[in-house]
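Below, all heavy atoms of this structure are taken into account, side chains as well, without hydrogens, waters or symmetry copies. These numbers were taken from a predicted model, which means no experiment stands behind them. Chain letters run A, B, ... following the sequence lines, proteins first, then strands; residues in each count from 1.
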Amino acid sequence: MQFNFIQIILILVVAFLAGTEGILDEWQFHQPLVACTLIGLVTGNLTLGVILGGSLQMIAMGWANVGAAVAPDAALASVASAIILIEGGQGKAGVGTAVGLAIPLAVAGLFLTMIVRTISTAIVHIMDAEAKKGNWRMINLWQWIAVCLQGLRIAIPAGLLLAIPASTVQGWLKLMPTWLSEGMSIGGGMVVAVGYAMVINMMASKETWPFFAIGFALAAIQELTLIALGAIGISLALMYLALESKGGNGESASNSSNTGDPLGDIIDDY
Amino acid sequence: MADKKFQLTKRDRFNVMWHSQFLQGSWNYERMQNGGYAYSMIPALRKLYPDKKDLAAALQRHLVFFNTHPYLASPVLGVTLALEEDKANGADVEDEAVQGVKVGMMGPLAGVGDPVFWFTIRPILGALGASMALSGNVVGPILFFVLWNLIRLGFLWYTQEFGYKAGSAITKDVSGGLLQKVTRGASMMGMFVLGALIERWVNIKFIPIVSKTPIQKGGYIEWDKLPAGAKGIQDALLQWDMGKGKQLTNIKTTTLQDNLDQLIPGLAGLLLTFLCMWLLKKKVSPIWIIIGIFVVGVLFHLWGIL
């Protein structure tokens, strides 16, 4: 579909919000679940946006900025792939392709944020100079400029994408053979494993592996909802900690880091 | 308390909390969250140091290197608020003491924030929302957004207040038992949920047919013996009973996937996850793994395996 003027403005607003959140990580406007839903909402394709958001969220699960490392950029991936999905007009059938396209977009977004983070280095030097003068208003201003740059990082590519006529986008998507789009949907179903693997590598230890095993086994019971599973998980963790402090040999307290990770060791030695 | 010259009100502290949401706004490769930290402190510093020279010193004091989890900066901000307040009231607080508190707290706190927020709460809420969203249910995204921000704002405010009230005494507890316990508990909970998510959401379906066995008479629907018209359709559906009753054809096809499901449901997804973990530990970039999986998906589909 072709967007009208108001829709384009609203899409750019959503893109801007997603861009700022991509760095701030507070309100989560950059998470696919939120960003794709909002793009769907402002373009009148709410359900489609929600479905794409859900699919991408599963993939983006383990993407997090840890320390100085920057994760693949969920903001550009969600915004751009949602625009392509809706412009393409293929409906639900296009979700698989949109998910596939999201991955290179996430990498592109990653480079853009690295550029802005480098520019911010210059900005904090300006802040230094203003601080010497005790000029707090200018520090506020430059902080806002830095935030806006991060917003533009997504809003500008989104604007460029919107400048391409919908018919052209549809033409490109039609060029894609079915085996490719079906294959990409299948890949999208598997690719979530990467996010989970990243998270597990962060949290795995000798004392957490049994929890993983119980979770995996219980999930096969389809009657258990995610909320029920969450309740079981919390209860198990609380019981473990409570029993530990009662039993009190204090030995396991030192195992919280990755040192006692048997599977990890096997993987390392492999 | 009453004779203090400068006193930060609840409103001032709330302003600091609100500003701290932009902590990472000027994140840079040189001093990371320094600009955001100074920006967060400004509502308080303005009030504490009416003299421009003192204010300049205070601003510069907070433009030094700082980096932690964006939410766990709140307790640090709380403590520094308490310290700056004392300093403004004439107490002998050295610049080094302020730095020491900030540097001493940011490391251990980042170690708590990443597993708790990024790797436990967000995946859980995200998966909860996404599982509803996949069927087009808009409640999914709303639930995620509302719950996350309630937890986040509550956390920012209460930990900052906690830090402010405890003052520098809090630094003793940072390395102590409670935080470690929270982190460990979150990791256990997180791993439990991850196990469940991998079983449910890593989709791999092997389509090759392993066997075709004929079914004995009575095990399948005998289409030619059904009554004609709508009555026949009703009869067939009753016999089929949503897959629990009779088979649709007189040959039972078993795919590779059926065999795997009998053994361990979700085994293929689990093995794929372990493979990814191994590749990640071998320092393969996640982006390459993702691209590789897409290539494999397309190729295996072409060959009729997936």
Determine the minimum heavy-atom distance between B:Ser26 and A:Met127, stating which atoms define it.
OG-CE, 4.1 Å
Backbone N or O of A:Ile59 within a donor-acceptor pair of the B:Trp201 side chain at under 3.5 Å?
no
Among the listed options A:Leu226, A:Val124, A:Val192, the residue most often paired with chain B at heavy-atom distances under 4.5 Å
A:Val124
Under 4.5 Å from a heavy atom of chain A, the part of B:Leu197 involved
both
Among A:Gly230, A:Gly49, A:Gly183, which residue has the highest count of heavy-atom pairs closer than 4.5 Å to chain B?
A:Gly183
Residue that, paired with A:Tyr196, satisfies side-chain contact (heavy atoms from CB on, under 4.5 Å) out of B:Leu270, B:Val202, B:Leu272
B:Val202
Considering residues, nucleotides and ligands other than B:Phe65, do more than 12 of their heavy atoms fall under 6.0 Å from its CZ?
yes
Looking at A:Trp63, does the NZ or CZ of B:Arg122 lie under 6.0 angstrom from its six-membered ring centre and within 45 degrees of the ring axis?
no
Indicate yes or no: at least one non-hydrogen side-chain atom of B:Arg184 is less than 4.5 angstrom from one of A:Glu244.
yes
Closest non-hydrogen atom pair between A:Met58 and B:Ala130, with its separation:
CE-CB, 3.8 Å
Contacting region of B:His62 [heavy-atom separation from chain A under 4.5 Å]
neither
Need one label for A:Leu141: side chain, backbone, both or neither, based on atoms under 4.5 Å from any heavy atom in chain B.
neither
Residue among A:Gln150, A:Lys132, A:Gln57 with most heavy-atom pairs under 4.5 Å to chain B:
A:Lys132
Flag the pair B:Asn28 / A:Arg117 as yes when at least one side-chain heavy-atom distance between them is below 4.5 Å, and no otherwise.
no
A:Leu241, part contacting chain B, at a heavy-atom distance under 4.5 Å
both
Closest heavy-atom contact between B:Met191 and A:Ile200?
CE-CG2, 4.1 Å
Can a donor-acceptor pair be found, under 3.5 Å and without considering hydrogens, that links the side chain of A:Gln143 to the backbone of B:Phe22?
yes
Need one label for A:Leu180: side chain, backbone, both or neither, based on atoms under 4.5 Å from any heavy atom in chain B.
both
d(A:Asp128 CG, B:Asn34 CG) to nearest 0.5 Å is 7.0 Å
Do A:Met114 and B:Tyr29 have side chains that get closer than 4.5 Å, going by heavy atoms?
yes
Please report the shortest heavy-atom distance between A:Ala237 and B:Met188, naming the atom on each side.
CB-CB, 4.0 Å
Mind checking the OG-CE spacing from A:Ser120 to B:Met32? Nearest 0.5 Å is all I need.
12.5 Å
Counting heavy-atom pairs under 4.5 Å with chain A, the top scorer among B:Gly195, B:Ser131, B:Gly297 is B:Gly195
Is the side chain of B:Gln24 donor-acceptor paired with the backbone N or O of A:Ile23 at a distance under 3.5 Å, no angle test?
yes
Turns out that what part of B:Ala110 lies under 4.5 Å from chain A's heavy atoms comes down to neither
Among B:Gln60, B:Lys53, B:His19, the residue with the most heavy-atom pairs under 4.5 Å to chain A is B:Gln60
Partner chain B: residue of A:Asn140, A:Leu229, A:Thr20, A:Leu238 with the largest heavy-atom pair count (under 4.5 Å)
A:Asn140
What residue, out of A:Leu33, A:Val147, A:Ile232, has the most heavy-atom pairs lying under 4.5 Å from chain B?
A:Leu33
How many angstroms lie between atom CG of A:Asp25 and atom CZ of B:Arg152, to the nearest 0.5 angstrom?
9.5 Å
Could you name the residues of residues 35-46 of chain B that have a heavy atom within less than 4.5 Å of a heavy atom in chain A?
B:Gly35, B:Gly36, B:Tyr39, B:Ile42, B:Arg46
Which region of A:Gln222, side chain (C-beta onward) or backbone (N, CA, C, O), has a non-hydrogen atom less than 4.5 Å from a non-hydrogen atom of chain B, or is it both or neither?
both
Between A:Leu224 and chain B, which part of the residue has a heavy atom less than 4.5 Å away: side chain, backbone, both or neither?
both
Worked verdict on B:Glu30 versus A:His125 for side chain to side chain donor-acceptor pair (under 3.5 Å)
CA-CA 10 Å; B:Glu30 191 185 287; A:His125 279 272; 2.7 Å; yes
Okay, A:Lys133 and chain B: the region with an atom under 4.5 Å from a heavy atom over there is backbone
Which residues, numbered in order, of residues 101-109 of chain A come under 4.5 angstrom of chain B by heavy-atom distance?
A:Ile103, A:Val107
Side-chain contact, heavy-atom cut-off 4.5 Å: B:Leu128 with A:Ile227?
yes
Can you pull the side-chain hydrogen bond (donor to acceptor under 3.5 Å, both in side chains) pairs that have at least one residue in residues 287-306 of chain B, sequence neighbours excluded?
A:Glu182-B:His301
Which of the residues A:Gly195, A:Ala146, A:Ala193, A:Ala217 is involved in the greatest number of heavy-atom pairs with chain B at under 4.5 angstrom?
A:Ala193
Distance (rounded to the nearest 0.5 Å) between B:Asn203 CG and A:Ile186 CD1:
10.5 Å
What class does the angle between the rings of B:Phe274 and A:Trp209 fall in, given that below 30° is parallel, 30 to 60° is tilted and above 60° is perpendicular?
perpendicular
Looking only at B:Pro115, B:Pro70, B:Ala127, B:Gly185, most heavy-atom pairs under 4.5 Å shared with chain A are made by B:Ala127
Does B:Ile198 form a side-chain contact (heavy atoms from CB on, under 4.5 Å) with A:Phe212? I'd like the steps, not just the answer.
CA-CA 10 Å; B:Ile198 288 168; A:Phe212 178 86; 3.7 Å; yes
When you compare the side chain of A:Leu218 with that of B:Phe192, does any pair of heavy atoms fall below 4.5 Å?
yes
Among the listed options B:Pro123, B:Ala58, B:Gly269, the residue most often paired with chain A at heavy-atom distances under 4.5 Å:
B:Pro123
Using a 4.5 angstrom heavy-atom cutoff, name the option from B:Asn149, B:Thr273, B:Leu55 with the most pairs to chain A.
B:Asn149
Do B:Leu59 and A:Glu130 have side chains that get closer than 4.5 Å, going by heavy atoms?
no
Scanning both residues in full, the closest heavy-atom pair of B:Met277 with A:Asn201 reads O-ND2, 3.3 Å
Let me have the donor-acceptor pairs involving side chains of residues 135-146 of chain B, under 3.5 Å, with sequence neighbours excluded, atom names and distances please.
unit_1   : atom_1 : unit_2   : atom_2 : d
B:Ser135 : OG     : B:Met132 : O      : 2.9
B:Asn137 : OD1    : B:Val139 : N      : 3.0

Working to the nearest 0.5 Å, report the span between CH2 of A:Trp179 and CG of B:Leu299.
8.5 Å
Heavy-atom distance under 4.5 Å to chain B: side chain of A:Thr37, backbone, both or neither?
side chain
Could you tell me the separation between the CE atom of A:Met184 and the CD1 atom of B:Ile293, rounded to the nearest 0.5 Å?
13.5 Å
